[in-house]
Trainee: 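Below are the structure tokens for one structure; questions will follow.
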Amino acid sequence: MDLSLSLSLSSFFFPCLFRSFSATLFVYCTTCACRYARPIIPVYSVFKESACIDQLTRNQYILTTLGFILCSSREKRSRMPQQTQAEEAAIAGSGITTSNNETEQGGGKEEEDDETASVFSVKSLLWHGGSAWDAWFSCASNQVAQVLLTLPYSFSQLGMLSGVILQLFYGFLGSWTAYLISVLYIEYRTRKEKENVSFKNHVIQWYEVLDGLLGPYWKAAGLAFNCTFLLFGSVIQLIACASNIYYINDRLDKRTWTYIFGACCATTVFIPSFHNYRIWSFLGLGMTSYTAWYLTIAAAVHGQVEGVVHSGPTKLVLYFTGATNILYTFGGHAVTVEIMHAMWKPQKFKYIYLLATLYVFTLTLPSAAAMYWAFGDQLLTHSNAFSLLPKSGWRDAAVILMLIHQFITFGFASTPLYFVWEKVIGMHDTRSICLRALARLPVVIPIWFLAIIFPFFGPINSAVGALLVSFTVYIIPALAHMLTYRTPSARQNAAEKPPLILPSWTAMYVVNAFVVGWVLVVGFGLGGWASITNFVRQIDTFGLFAKCYQCPKPQPAPALAPQQQRH
């Protein structure tokens, strides 16, 4: 790489090919010499003793300086592993190390060393992610995708004021339980590392954290709720893909598009772990940001439709259905443990989800409010916000970008399922990506099938939110935290102490008890009743295996007027 870089620069600076080649070769050799010399020999002193020094021109001296810079950067990178070890020694004193996270799955300490050794490589830039920024992009990207298109529908059910308040409420509530999950992960990891347990070639998952801290019954509950939620989360992404592409190309029905996108999303089996979503998370968040601001601006430019009505809330069923959809929106941290495990320093995760949520507010609040202001109660029968906006190049771009992001979010939701399935069949330690991809394919089949059975874009979000998200990412983490630190010795030896905003264990218990009570009564109880009622209504109206859910009915061709008789 150094040779090609030097050649390109020399051809720019020198009109004479021969002199440029000789200068380039000289600088490259000097750089190589500096790489292996101990200590580093200053480039200038090498030049001074060289026979070529009398022939150096001003431009050749520039190349000489470039050689010295390259030499210095190599030496600096060679020292970085030692600096990293010193940082790890300091972090180890806090109770958790940065040992071997997902070394086999494209991640972990080995990959961090590989990254420092090839800072400028494309593979490092696009493939290997384990920093706090990577975790932030993953959380924000995973938190809001297709649900962005259903939030205006929820606002029409809730009304403007309730919609805004519940978004803020569930956003902060979700950030709190994500913080609890991160604390429990660090506690579990710290205890296991004290027992000299190695996690090389192994991805820690939420049900394993529950098993290590609370026992097998909690493991079973966590595994059942988490896997079922992630299964239907993947189903929802497939349904959304078919629903969105229909607004660009309606020559195929939505069920056919579900077949097509199911095959496309099956390619996520080749992505080893969350370590390898670096570029995808970045692109996904950028695409959703475009879509959110397109909805906001397009609704404002379109203006209010004639005779617009804002009657929500009108019925309790609709009100709690919309509320559980928002609960689902900010309950996307079923993959928190996997994202943390993909980090080089997981202890930095604690407040990342909150920061991601604050950014997501800038996307969800303006777009949902603007769409509801413009179209009002029309959204009650149009769960996809794209369906009410006029066709244009801007809308088509938003649809395409959202489709790509839904593909990425499908990978986020299905990857933990792949891990569970690999552990069940004994393939989790396999180093071959192709073998693991082949082993993962059976997981995609039920996702594909369920998306064809229940193509109810919008109502299915509320049902999943009430029945699965309420337990998976709200109730179970809060209860698990309370039980893990129920004894004085556990609190005294806790790897993570209470946060600054709640400096006492009593205050944390009060907040956790409120979370459990609220979500159990309002989210699971009332929300479950409303969402299931609405879901059954969709089945009665459209039936299972609906060919084209909420598609506009074709207009009958106008009858030809009879020809007037000639008199």
Trainee: When rounded to the nearest 0.5 angstrom, what is the spacing between CH2 in Trp529 and OG1 in Thr324?
Mentor: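 The distance works out to 11.0 Å.
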Trainee: Tell me, do Phe407 and Thr268 make a side-chain contact under 4.5 Å, heavy atoms counted?
Mentor: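 Yes, at least one pair of side-chain atoms sits under 4.5 Å.
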Trainee: Rounded to the nearest 0.5 Å, what separates atom NE2 in His481 from atom CG in Asn512?
Mentor: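 The NE2 atom of His481 sits 6.0 Å away from the CG atom of Asn512.
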Trainee: Phe419 and Arg440: which non-hydrogen atoms are nearest, and at how many Å?
Mentor: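 In this case the closest contact between Phe419 and Arg440 is CE2-NH2, 3.6 Å.
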Trainee: Does any donor atom in the side chain of Ser243 or Asn384 lie under 3.5 Å from an acceptor atom in the other side chain?
Mentor: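 A pair is found: one side chain offers a donor N or O, the other an acceptor, under 3.5 Å apart.
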Trainee: Hey, what do you get for OG1 (Thr258) to CD1 (Ile239), rounding to the nearest 0.5 Å?
Mentor: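 So the OG1 of Thr258 and the CD1 of Ile239 are separated by 7.5 Å.
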Trainee: Mind listing the closest non-hydrogen atom pair of Tyr509 and Arg486 along with its distance?
Mentor: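 Looks like OH-CA, 3.0 Å.
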Trainee: Is the side chain of Lys350 donor-acceptor paired with the backbone N or O of Glu496 at a distance under 3.5 Å, no angle test?
Mentor: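 Looks like no, no N/O pair under 3.5 Å.
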Trainee: Taking Arg491's backbone N and O only, do any of them form a donor-acceptor pair with Lys497's side chain (distance below 3.5 Å, no angle check)?
Mentor: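 Yes, Lys497 side chain to Arg491 backbone: donor-acceptor pair under 3.5 Å.
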Trainee: Looking at Arg278, is its backbone amide N or carbonyl O close enough to the side chain of Ser281 to form a donor-acceptor pair, meaning the two atoms are under 3.5 Å apart?
Mentor: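 Not confirmed, Ser281 side chain does not pair with Arg278 backbone.
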Trainee: Is a side-chain N or O of Trp136 found less than 3.5 angstrom from the main chain of Ser131, in a donor-acceptor match?
Mentor: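 Flag not set: sc Trp136 to bb Ser131 has no pair under 3.5 Å.
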Trainee: Got a sec: does the NZ of Lys423 have more than 12 other heavy atoms crowding it under 6.0 Å?
Mentor: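 Yes.
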Trainee: Quick one: closest heavy-atom pair of Pro272 and Ile433, and the distance?
Mentor: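 Nearest pair, atom of Pro272 first, then Ile433: CG-CD1, 4.0 Å.
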Trainee: Between His202 and Glu208, does any side-chain donor sit less than 3.5 Å from a side-chain acceptor?
Mentor: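 Their side chains do contain a donor-acceptor pair, which is all the 3.5 Å distance test asks for.
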Trainee: For residues Arg191 and Thr484, report the shortest heavy-atom separation together with the two atoms involved.
Mentor: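 That closest heavy-atom pairing would be NH2-CG2, 4.1 Å.
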Trainee: Check ring pair (Phe, Tyr, Trp, His ring centres under 6.0 Å) between Phe361 and all other residues, then give those that pass, not counting sequence neighbours.
Mentor: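 Here the qualifying residues are Phe172, Phe330.
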Trainee: Distance check, rounded to the nearest 0.5 Å: Ile404 atom CD1 versus Trp280 atom CH2?
Mentor: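 CH2 of Trp280 is found 8.5 Å from CD1 of Ile404.
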Trainee: So does Tyr207 get a backbone contact from the side chain of Asp211, meaning a donor-acceptor N/O pair under 3.5 Å?
Mentor: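 Here the side-chain-to-backbone pair does not exist.
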Trainee: Answer yes or no: is there a donor N or O on one side and an acceptor on the other, between the side chain of Thr487 and the main chain of Ala490, under 3.5 Å?
Mentor: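 Checked: pair present.
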Trainee: Looking at OG1 of Thr362 and CH2 of Trp293, how far apart are the two atoms once the value is rounded to the nearest 0.5 Å?
Mentor: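 Thr362 OG1 to Trp293 CH2: 6.5 Å, rounded to 0.5 Å.
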Trainee: For Ser154 and Asn325, test the side chains for any donor-to-acceptor distance below 3.5 angstrom and give the result as yes or no.
Mentor: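 Indeed, the side chains of Ser154 and Asn325 share at least one donor-acceptor pair under 3.5 Å.
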Trainee: Using only atom types and a distance under 3.5 Å, with no angle test, would you say the side chain of Arg189 pairs donor to acceptor with the backbone of Ile186?
Mentor: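 Answer holds: no.
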Trainee: Between atom CD of Gln167 and atom OG1 of Thr364, what is the distance when rounded to the nearest 0.5 Å?
Mentor: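 So the gap between those two atoms works out to 3.5 Å.
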Trainee: Centroid separation under 6.0 Å, is that true for the rings of Trp421 and Tyr418?
Mentor: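 No, the ring centres sit 6.0 Å or more apart.
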Trainee: With a 4.5 Å cut-off on side-chain heavy atoms, are Val515 and Ile475 touching?
Mentor: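 Answer no - side chains too far apart.
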Trainee: Quick check on side-chain contact (heavy atoms from CB on, under 4.5 Å): which of Leu417, Val443, Leu468 does Leu231 satisfy it with?
Mentor: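 Of the listed options, the one satisfying the test is Leu417.
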Trainee: Is it true that a side-chain atom of Tyr359 and a backbone atom of Phe137 form a donor plus acceptor pair closer than 3.5 Å?
Mentor: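 Looks like no, no N/O pair under 3.5 Å.
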Trainee: Strictly under 6.0 Å, is that where the ring centroids of Tyr179 and Tyr353 end up?
Mentor: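 That pair fails the under 6.0 Å test.
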Trainee: What pair of heavy atoms forms the shortest contact from Ile476 to Phe225, and how long is it?
Mentor: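 It is CD1-CD1, 3.9 Å.
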Trainee: Does Tyr185 offer a backbone N or O that forms a donor-acceptor pair with the side chain of His341 under 3.5 Å?
Mentor: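 Absent.
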Trainee: In the structure I gave you, are the side-chain heavy atoms of Leu223 and Trp206 within less than 4.5 Å of one another anywhere?
Mentor: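 A side-chain contact is absent here, since even the closest heavy-atom pair is not under 4.5 Å.
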Trainee: Step through it carefully: locate the ring centre of Tyr170, locate the ring centre of Trp176, and say whether they are under 6.0 Å apart.
Mentor: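 When the ring centroids of Tyr170 and Trp176 are compared, they turn out to be at least 6.0 Å apart.
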Trainee: Can you tell me how the ring of Phe412 sits relative to the ring of Tyr277, calling it parallel under 30°, perpendicular over 60° and tilted otherwise?
Mentor: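 The rings of Phe412 and Tyr277 lie parallel, inter-plane angle below 30°.
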Trainee: Is there a donor-acceptor contact under 3.5 Å linking the side chains of Thr357 and Ser175?
Mentor: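 A pair is found: one side chain offers a donor N or O, the other an acceptor, under 3.5 Å apart.
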Trainee: Any sub-3.5 Å donor-acceptor pair from Ser141's side-chain atoms to Ser138's backbone N or O?
Mentor: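 Looks like no, no N/O pair under 3.5 Å.
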Trainee: State, to 0.1 Å, how close Ser531 and Ala466 come at their nearest heavy-atom pair, and which atoms those are.
Mentor: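 Answer, listing the atom of Ser531 first, then Ala466: OG-CB, 3.6 Å.
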